[in-house]
There are 2 protein chains.
Amino acid sequence: MIKNQMRMTHQRDIILREMRKCKDHPTADELYERIKKTLPRISLATVYRNLEILSTAGLIKKLEISGRRKRFDGELRRHHHVYCLLCHRVDNIDLGQEENFQFLPAAAGGYRITGCRIEFFGLCPDCQKKPQGDKKMGCKKCGTETLNDQQQQILKTLAQSAAACGSKDIAAAVKLEPKQISSQLTTLKKKGYVASPVRCKYEITEAGKSAIA
Amino acid sequence: MIKNQMRMTHQRDIILREMRKCKDHPTADELYERIKKTLPRISLATVYRNLEILSTAGLIKKLEISGRRKRFDGELRRHHHVYCLLCHRVDNIDLGQEENFQFLPAAAGGYRITGCRIEFFGLCPDCQKKPQGDKKMGCKKCGTETLNDQQQQILKTLAQSAAACGSKDIAAAVKLEPKQISSQLTTLKKKGYVASPVRCKYEITEAGKSAIA
DNA sequence: TTTGTATTTGATAATTATTACCATGTCAAT
DNA sequence: ATTGACATGGTAATAATTATCAAATACAAA
């Protein structure tokens, strides 16, 4: 009467090996296509089942990001991910010095926390080239007019800062010409998205926060 | 010939108001049920459409966590989430001092990053009470018998230590009750993952090392 | 105010991703 | 050898979301 004990079947073993070998983050059916080359008679259901089982056993990781399809990761070392909002591609990301940052949330609301995940998102190199690019919508009625990338970057930088910033602080994070930064700050001030509590210091307004959401 | 300009229809307006009003993170059809009280003739498709549109416009946030169903959040201020691995409930979480931590990934692999998301997961208060609890599986063949989080943490701590540790040394690194630590050490000893060369001193075995590898 | 037209709606069909089911098969321990 | 837990392949069913389309609506411009 052994319970919750899994057997290393041939199929499961092949799936695990493939997951350990591959350097990307396949979905169940992407993996199914690869596995079929080795085991042509394997069932898609078996692949789904085993990915689930292997991840609850802690032998692989399940990534529930980037839309509707689950992805899996054979790399168990602590690392994080970026994904593309357009094509849903997922890549690893290097957090540098922050890599080992420990998050211990103060108020977990009674949760027994077993893990933490940090994800970045944006546009992958390929999707940046695509003509469509900015699909963001605005609505004049509700005051959300479209902001350009520079304006958005600046607002985001301000949003992450506790204190009011000078344009140098912004330049450090945003990589734009100082001239452009101050020009954009003026525009943003006119729109009511940033305020200047002191000369040459800027901070984001509530309207600004909702504009970058 | 206006492009990417959305109109504030009555339905969209009601949906946005409801999202701003509610303090939780509804799915499309949860929101649909709420909206129907105000607009009994609204279509589920309209709710889906508008949640998508409002989130690309930045008026609400889309949360792609916790399994298959998308959730949405009317709160635009910077904050993060915890979700339950069992019941998929989602709550806000307080990161305390870390709240304003700036993530600027060193190597973004060419991505234009527009955001970052930090998620915690575990068991919510209700699901902790449920009998099932640990659904984790092990496999003797591949040496992965189930270790709980505490055991893993302890093993990892021991793995990093050159000399045999007392439970105080472990407590310093692991943040657990001394009682629990010694209880887990006993279990781990029985499993052959730790050894005790001297009374009250513990060190990891080769088997223990491969168990966390 | 009226009008032209892009956008939106409700209803429903279709699609996508995943899970459930089941008859059969395998393995390990009495 | 028998038993019972665990697995498999094949397929049906479900869940969540997206697509389609005729009719309605919002809103800028005349």
Side-chain angles (χ1 to χ4, degrees), chain A residues 1-16 25-33 35-36 38-57 62-72 86 88 135 137-142 145, chain B residues 1-16 25-33 35-36 38-57 62-72 86-88 135-142 144-146:
Chain A
M1 230 212 255
I2 305 143
K3 245 171 103 183
N4 280 349
Q5 190 65 33
M6 74 169 170
R7 292 173 185 168
M8 191 44 71
T9 61
H10 186 49
Q11 289 89 334
R12 185 166 294 161
D13 187 47
I14 297 292
I15 289 170
L16 180 55
H25 314 90
T27 61
D29 69 280
E30 279 166 12
L31 194 71
Y32 173 61
E33 291 305 323
I35 296 288
K36 271 205 292 194
T38 315
L39 296 175
R41 295 191 45 81
I42 199 172
S43 161
L44 176 59
T46 301
V47 175
Y48 268 101
R49 251 189 319 250
N50 280 304
L51 286 171
E52 205 56 44
I53 288 169
L54 290 170
S55 72
T56 60
K62 176 160 53 164
L63 311 180
E64 296 187 87
I65 56 175
S66 137
R68 251 168 38 191
R69 311 162 73 192
K70 287 177 187 165
R71 292 182 172 275
F72 296 84
L86 270 184
H88 291 178
K135 258 193 172 179
M137 293 185 129
C139 174
K140 281 177 183 165
K141 270 256 172 87
C142 44
E145 288 186 76
Chain B
M1 235 208 248
I2 305 140
K3 244 171 105 184
N4 281 348
Q5 191 65 34
M6 76 169 167
R7 294 172 184 174
M8 191 43 71
T9 62
H10 186 48
Q11 290 88 331
R12 185 166 295 161
D13 187 47
I14 297 291
I15 289 170
L16 179 55
H25 314 90
T27 62
D29 70 280
E30 279 166 10
L31 194 73
Y32 172 61
E33 290 306 323
I35 297 286
K36 272 204 292 192
T38 315
L39 296 174
R41 295 191 47 81
I42 199 173
S43 161
L44 175 58
T46 301
V47 175
Y48 268 101
R49 252 188 318 246
N50 280 304
L51 286 172
E52 205 56 46
I53 289 169
L54 289 170
S55 73
T56 59
K62 177 161 50 164
L63 311 180
E64 294 186 88
I65 57 175
S66 132
R68 249 166 41 187
R69 312 163 70 194
K70 287 178 188 165
R71 292 182 171 275
F72 296 85
L86 270 184
C87 70
H88 289 180
K135 259 192 170 178
K136 222 169 185 182
M137 294 186 128
C139 174
K140 281 176 184 165
K141 272 255 174 83
C142 45
T144 24
E145 284 190 77
T146 315

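Only a predicted model underlies this, so the values are computations on that prediction, with no experimental measurement involved. Chain naming here is simple, since letters A, B, ... match the order of the sequence lines and numbering starts at 1 in each.
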**Message:** What is the separation between atom NZ on B:Lys36 and atom C1' on C:dG10, rounded to the nearest whole Å?
**Reply:** 13 Å
**Prompt:** Who pairs with B:Leu44 by side-chain contact (heavy atoms from CB on, under 4.5 Å), at least two apart in sequence or on another chain?
**Reply:** B:Asp29, B:Tyr32, B:Tyr48
**Asked** Do B:Ile14 and B:Ile42 touch side chain to side chain, with heavy atoms closer than 4.5 Å?
**Response** no
**Asked** So do B:Met6 and B:Arg12 actually touch side chain to side chain, heavy atoms under 4.5 Å?
**Response** yes
**Request:** Round to the nearest Å and state the distance from A:His10 atom NE2 to C:dG25 atom P.
**Result:** 18 Å
**Nucleotide C:dA11, atom C1' - distance to CG of B:Leu39 in whole Å** = 16 Å
**Prompt:** Below 4.5 Å, heavy atoms only, C-beta onward: do B:Lys62 and B:Lys70 meet side chain to side chain?
**Reply:** yes
**Request:** Compare side-chain N and O positions of A:Lys70 against OP1 and OP2 of C:dT19 and report whether any pair is under 4.0 Å apart.
**Result:** yes
**Request:** Please report, rounded to the nearest Å, how far the P atom of D:dT17 is from the CG atom of B:Leu31.
**Result:** 12 Å
**Message:** Using whole Å, what does the distance between atom P of nucleotide D:dT18 and atom NE2 of A:His88 come to?
**Reply:** 9 Å
**Request:** Nearest 0.5 Å please: distance from the CG atom of B:Leu51 over to the OG1 atom of B:Thr56.
**Result:** 11.0 Å
**Request:** Under 4.0 Å between any heavy atoms, over every strand shown, what does A:Asn50 touch: base, sugar-phosphate, or nothing? Just pick one.
**Result:** sugar-phosphate
**Item:** Side-chain ion pair, A:Arg71 and A:Glu30, N-O less than 4.0 Å
**Value:** yes
**Message:** Check this one for me: any side-chain N or O of B:Gln11 less than 4.0 Å away from OP1 or OP2 of D:dT25?
**Reply:** no
**Asked** Roughly, in whole Å, what's the span from CD1 in A:Ile15 to P in D:dA7?
**Response** 12 Å
**Request:** For B:Lys62 and D:dT18, give me the distance from atom NZ to atom P, rounded to whole Å.
**Result:** 7 Å
**Request:** Using the closest heavy atom to pick a nucleotide of DNA chain D for each, name whichever of B:Asp29 or A:Ile53 lands nearer the 5' end.
**Result:** A:Ile53
**Asked** In degrees rounded to 10°, what angle is found between the helical axes fit to the five outermost pairs at each end of the helix from C:dT1-D:dA30 to C:dT30-D:dA1?
**Response** 30°
**Item:** Distance test, side-chain N/O of A:Thr9 to OP1/OP2 of D:dC6, below 4.0 Å
**Value:** no
**Request:** Can you tell me the distance, in whole Å, between the CZ atom of B:Arg69 and the C1' atom of C:dT18?
**Result:** 14 Å
**Asked** Is A:Leu39 close to A:His10 at the side-chain level, that is, under 4.5 Å between some pair of heavy atoms?
**Response** yes
**Asked** Of B:Thr9, B:Thr38, B:Ile53, B:Val47, which meets side chain to side chain contact (heavy atoms under 4.5 Å, CB included) against B:Ile15?
**Response** B:Val47
**Asked** Phosphate oxygens OP1/OP2 of D:dT17: is one of them under 4.0 Å from a side-chain N or O of A:Arg68?
**Response** no
**Prompt:** Can you find a donor-acceptor N/O pair under 3.5 angstrom joining the side chain of A:Arg7 to the base of D:dA5?
**Reply:** yes
**Prompt:** Any side-chain donor paired with an acceptor under 3.5 Å for A:Arg49 and A:Thr46?
**Reply:** yes
**Asked** Within a strict 4.5 Å, meaning less than it, do heavy atoms of the A:Glu64 and B:Glu64 side chains meet?
**Response** no
**Message:** Tell me which residues in residues 42-49 of chain B lie within less than 4.0 Å of DNA chain C, going by non-hydrogen atoms.
**Reply:** B:Ile42, B:Ser43, B:Ala45, B:Thr46, B:Arg49
